[in-house]
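Since the structure comes first, as structure tokens, the remarks are kept for the end.
Just so we're clear, the structure is a prediction, and the values are computed from it rather than from any experiment.
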Amino acid sequence: MTDYQYESEQAATRGLLQAVSEELGHDLAPEWAAAALAAPRHHFLPERIWLDDGAGGYAPCGREQDPARWFAAAYANEAVVTQVNDGQEPDGQVWPSSSLSAPAIVFRMLEALDLDALGPDDAVYEIGTGRGWSAALLCHRLGDHRVVTAEIDASSAEQARANLAAAGFLPEIVISDGAEGWNARGPYTRTVATCAVRRVPQPWVEQTRPGGIILTPWDNPWICWGLLTLAVSESGAAVGRFSSDSAFMLMRTQRASLSISDVVKEGHKPDESTTTLPRRTVVWGNAAFAVGMRLGDVGNTWQDAPVEGVKDRLWLVTIDGTSWAAVDHDGGDQDEFTVHQYGPRRLWDEVEAAYFWWVENGKPGPERFGLTVTPDGEHRAWLDEPVLSWLLRDASGAMTEAPEAGALP
């Protein structure tokens, strides 16, 4: 590396750190700034990345073909998609399957781990190595021997190993399903995920020592949003609260596909009613987070012009596929929507009840919500205090597609 290249990447890193500090609202600790300078972000990008194409999709950007844009993406305070379609060459639809997270959320999570409280022999277990940048930052702060990082994608893991070695870091890299933990090095004092989960894997709780912290992005079929910090107790339970402003890709082994076409069948005879609750109110922001936490296992998706006379439709479905609802707007000025509901659960009724519960409780944000994972793996959500909890329904699936345009059954 020439002196010019070194100065260029150091200047780019300092510019990125300034942007991160501005977003976080405070200067990064000198230890994290030093880690970032020792592990320049572009060293952890592949030769081809995927950037916003301006039309709601992704287009490739090669280091050789467009070096200025590639380098600028490396030092922007934004996520960079490093893999699409689980590593398969796209043939049609392109969807992100791995990325370097936005630097501000990376450092926010690293700060939340409170590594100053660790003893000299305490170890960190990271789930989701990706290209290795977060692991490099941890290694610089703690030392290689105190970092274990798991990656389910073998090709990504090997590339991360090469990236880390080239930067001078040698953590233990495990090619495995991170949800299963890695007991050979446990118990850990910190467990941190770089992918979102809908259920906290029980091995994470069991392999984090009492007093230790589990930090993971959170996903819900209703909305992917939130960061969950849990403290593990002597009893084997994990209890903690959410914070907002984070959205991560879902852990691969918690993915599942469920199309509306798989749920809405010929012969279904839905009940019809109307509502004046604006649909978009309940699918974004704090209201959506509350609805997702109250319902647990209900997803939603939009469909434009599903049938003549309907401008757009909001679909709701339970992850087990037994109940569904459709809420239509005709495009007129009147805020009244036609509701169709089918199955043992009346999903729009549940959404309305959850929304008004949220309003009655002062419109809380994610910071007032918490989660308890019991020693037997039960998940209980709560507002303000763990004693006021409810069972969080299992959401081990995802709704992905609306059906072809057409009338309801």
Below 4.5 Å, heavy atoms only, C-beta onward: do [X] and [Y] meet side chain to side chain?
| X | Y | result |
| --- | --- | --- |
| V373 | E378 | no |
| R131 | P46 | yes |
| V327 | H340 | no |
| W222 | L316 | yes |
| L115 | W32 | yes |
| P217 | M249 | no |
| M251 | I152 | no |
| I214 | V205 | yes |

Could you tell me if [Y] and [X] have a donor-acceptor pair between their side chains, going purely by distance under 3.5 Å?
| X | Y | value |
| --- | --- | --- |
| T318 | R393 | no |
| E336 | H329 | no |
| E126 | T149 | yes |
| T191 | T208 | yes |
| S243 | E367 | no |
| T189 | R209 | yes |
| W324 | Q341 | no |
| E352 | T275 | yes |
| N85 | E89 | no |

Do [X] side-chain atoms and [Y] backbone N/O form a donor-acceptor pair below 3.5 Å?
| X | Y | answer |
| --- | --- | --- |
| W182 | I173 | no |
| T194 | I127 | yes |
| E151 | D153 | yes |
| H379 | V200 | yes |
| D52 | Y58 | no |
| Y125 | P187 | no |
| H140 | L137 | no |
| R345 | Y342 | no |

Legend entry - Over all atoms of both residues, closest heavy-atom pair of M109 and F248: SD-CZ, 3.7 Å
Inset, instruction - Please report the shortest heavy-atom distance between D53 and A59, naming the atom on each side. - result: CB-CB, 3.9 Å
Legend entry - Residues, nucleotides or ligands: over 12 heavy atoms within 6.0 Å of E47 CD: yes
Inset, instruction - Determine whether more than 12 heavy atoms belonging to other residues, nucleotides or ligands lie under 6.0 Å from atom CZ of F71. - result: yes
Legend entry - Six-ring centre of W302, R313 cation under 6.0 angstrom, axis tolerance 45°: no
Inset, instruction - Evaluate the side-chain contact (heavy atoms from CB on, under 4.5 Å) criterion for residues T82 and L45: first the C-alpha distance (whole Å), next the side-chain angles of each, then the deciding distance (0.1 Å), finally the verdict. - result: CA-CA 7 Å; T82 56; L45 287 184; 4.0 Å; yes
Inset, instruction - Verify side-chain contact (heavy atoms from CB on, under 4.5 Å) between W133 and V106, making sure each step is shown before the conclusion. - result: CA-CA 10 Å; W133 189 53; V106 170; 4.1 Å; yes
Inset, instruction - For the pair T216 and V192, evaluate side-chain contact (heavy atoms from CB on, under 4.5 Å) and give the outcome as yes or no after the intermediate values. - result: CA-CA 6 Å; T216 181; V192 57; over 6 Å; no
N/O donor to acceptor pairs below 3.5 angstrom from side-chain atoms of residues 280-290, sequence neighbours left out:
residue	atom	partner	partner atom	Å
R280	NH2	D312	OD2	3.3
T281	OG1	P278	O	3.4

Inset, instruction - Could you walk me through whether R199 and D394 pass salt bridge (charged side-chain N to carboxylate O under 4.0 Å, His left out), step by step? - result: CA-CA 8 Å; R199 307 290 288 183; D394 190 5; 3.7 Å; yes
Closer than 4.0 angstrom, basic N to acidic O: yes or no for [X] and [Y]?
| X | Y | result |
| --- | --- | --- |
| D86 | R252 | yes |
| D271 | R346 | yes |
| E111 | R108 | no |

Inset, instruction - Determine whether the aromatic ring centres of F369 and W382 lie less than 6.0 Å apart. - result: no
Inset, instruction - Nearest 0.5 Å please: distance from the CG atom of D376 over to the OG1 atom of T374. - result: 3.5 Å
Inset, instruction - Start with the C-alpha distance between S21 and H26, add both sets of side-chain angles, then the distance that settles side-chain contact (heavy atoms from CB on, under 4.5 Å), and finish with yes or no. - result: CA-CA 5 Å; S21 295; H26 61 265; over 6 Å; no
Side-chain donor-acceptor contacts of residues 358-366 below 3.5 Å, not counting sequence neighbours, with atom names and distances?
residue	atom	partner	partner atom	Å
W358	NE1	P364	O	2.8
N361	ND2	W357	O	2.8

Legend entry - Stepwise salt bridge (charged side-chain N to carboxylate O under 4.0 Å, His left out) test for D121 and R146: CA-CA 7 Å; D121 297 321; R146 297 171 64 190; over 6 Å; no
Legend entry - Full working for salt bridge (charged side-chain N to carboxylate O under 4.0 Å, His left out) between D116 and R141: CA-CA 10 Å; D116 288 338; R141 181 70 184 272; 2.5 Å; yes
Inset, instruction - Give the ring-plane orientation class for W218 versus F242, where under 30° counts as parallel, over 60° as perpendicular and anything between as tilted. - result: perpendicular
Legend entry - All side-chain contact (heavy atoms from CB on, under 4.5 Å) counterparts of N183, not counting sequence neighbours: Q207
